[in-house]
Amino acid sequence: MINRRKFVGALGVGAAAGALAGCGREEGGPAVKGAVSGKVHKWIMVTTWPKNFAGLGEGAEYLARIIHDMSGGRLQIKVIGAGELVPALQVFDAVASGTAQMGHGASYYWKGKLPMAPFFSAVPFGLNAQEMNSWLLRGGGLELWRELYAPYGLIPEVAGNTGVQMAGWFNKEIRSMADIQGLKMRIPGLGGEVLQRAGGVPVLIPGGEVFTALETNTIDAAEWVGPYNDLAFGLYKAARYYYYPGWHEPGTTLEALINEQAYNELEPDLQQILTHACRAANADMLADFTARNNAALKTLIEEHRVEVKKLPDDVLRRFAEISEQVVAEQIQGDALAQRIYDSYRQFRTQVRAWDRVSEQPFYAARDL
Ligand code: CA
């Protein structure tokens, strides 16, 4: 290792990239052929977040920065915020068409086009952050994800994770399922469908309008992300109770979308840098969220006197039952959908059995 560092230092950045790419061979990966060229690639990354948006937009900037630095400036990526070039919800199409070479977002935004897409970001009562990484990177998930996006000329890669989210902000106390009846709540995606079947009224409101809708009682409740993002939005000023756990988003994976043609035009070492920078950004965002959520929760409780409450078990149990149905209904008669569902389900079953003798009893033991 020391020798490699010396070797890298002596030869400079371009050679360093080649030397690092060669490391793949030690792990049994494909050898990277060809000398490093000095060609500079200039890409655009469109995002579903406003520029430099707390945690998420910052994650996109971090990714672009480390790609620049690792490639010695040979792959330069300009990050563009939502609405600047294309609206947030057109990021998928913009990268597929080549308007941008790259995108940063979350796969559940593409549910209208691809009903199975949410499996690669968050599913109610699904996998947490650690488990999502394990399923995607070592459990066959990423291969299925690539298969799902391949017809659009897109390559997906993990590029961030928020960790488990909060159930949301409520102006009404939730004591039983009776309190869910008619509850108007901002909760998108599959979680919203679950709420609707449970008797609530899901409302679709973009992030920027959540505060006002809650403050003016247009809605009774809203989920956003977790303490760090919610504190930044000032949601504690608009609602009294802060409920947990985030049953609907147990560990949301963010994605990098890469235009396949643009990817194929990169030198092999840049392809490796791009892939592994996404994975480094994936780990970094979870670290960032965990550290900042810790601090923000303390601020919310101690400075803003927020009442933090757990959703009652009977409500969570009912949501879980409905979630099983809603999730199963996403398979719409296509073989790939069935394979994605089966892979996800099998992984969840196995990891739950392992969690019962590992993570869960450890957390309980630590809190004794
Ligand atoms: Ca959320």
Side-chain angles (χ1 to χ4, degrees), residues 47-50 53-60 82 88-89 91 104-112 117-129 131-132 158-170 174 183-196 198 200-214 219-236 238-239 241-255 282 285-286 288-290 292-293 296-297 300 306 308 310-311 316 319-320 323 326-327:
T47 63
T48 55
W49 336 107
F53 192 67
L56 307 166
E58 289 171 344
L89 299 184
V91 162
H104 191 271
S107 65
Y108 53 33
Y109 291 133
W110 326 127
K111 185 181 175 299
F119 283 79
F120 303 100
S121 51
V123 165
F125 295 94
L127 304 176
N128 69 18
E131 295 160 356
M132 277 301 282
V158 295
N161 198 301
T162 66
V164 64
Q165 301 198 359
M166 287 291 280
W169 296 86
F170 292 69
I174 305 298
L183 182 86
K184 280 179 83 175
M185 179 170 183
R186 184 265 175 196
I187 173 167
L190 295 177
E193 287 185 40
V194 174
L195 181 78
Q196 185 158 32
V201 184
V203 183
L204 278 180
I205 294 176
E209 293 165 31
V210 172
F211 180 86
T212 310
L214 202 53
I219 52 175
D220 305 310
E223 77 80 45
W224 181 230
V225 185
Y228 168 50
N229 293 84
D230 297 359
L231 175 66
F233 258 25
L235 294 180
Y236 61 90
Y241 307 108
Y242 197 20
Y243 273 96
Y244 66 94
W247 56 274
H248 61 302
E249 293 198 58
T252 306
T253 293
L254 287 317
E255 68 180 4
N282 184 56
M285 189 187 289
L286 183 60
D288 186 39
F289 265 97
T290 304
R292 300 219 221 184
N293 278 335
L297 181 65
L300 286 169
V306 166
V308 179
K310 182 173 178 283
L311 285 173
L316 288 170
F319 282 173
S323 295
V326 167
V327 170

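Positions are given from 1, in the same order as the sequence printed here. One-based numbering, in listed order, for ligands and for the atoms of each.
Screening Tyr243, Tyr244, Tyr241 for a ring-ring contact (aromatic ring centres under 6.0 Å, His included) involving Phe170 leaves a single residue, Tyr243.
Taking 3.0 Å as the limit, the number of protein N, O or S atoms around the Ca ion (ligand 1) is 5.
No side-chain donor-acceptor contact under 3.5 Å links Glu223 and Trp247. Donor-acceptor pairing under 3.5 Å is recorded for the side chains of Asp230 and Tyr242. Counted by atom type alone, Glu209 and Thr212 present zero donor-acceptor pairs between their side chains at under 3.5 Å.
Closest non-hydrogen pair, Thr48 versus Ala106, comes out as OG1-N, 4.3 Å.
With values rounded to the nearest 0.5 angstrom, Phe211 atom CZ is found 8.5 Å from Tyr236 atom OH.
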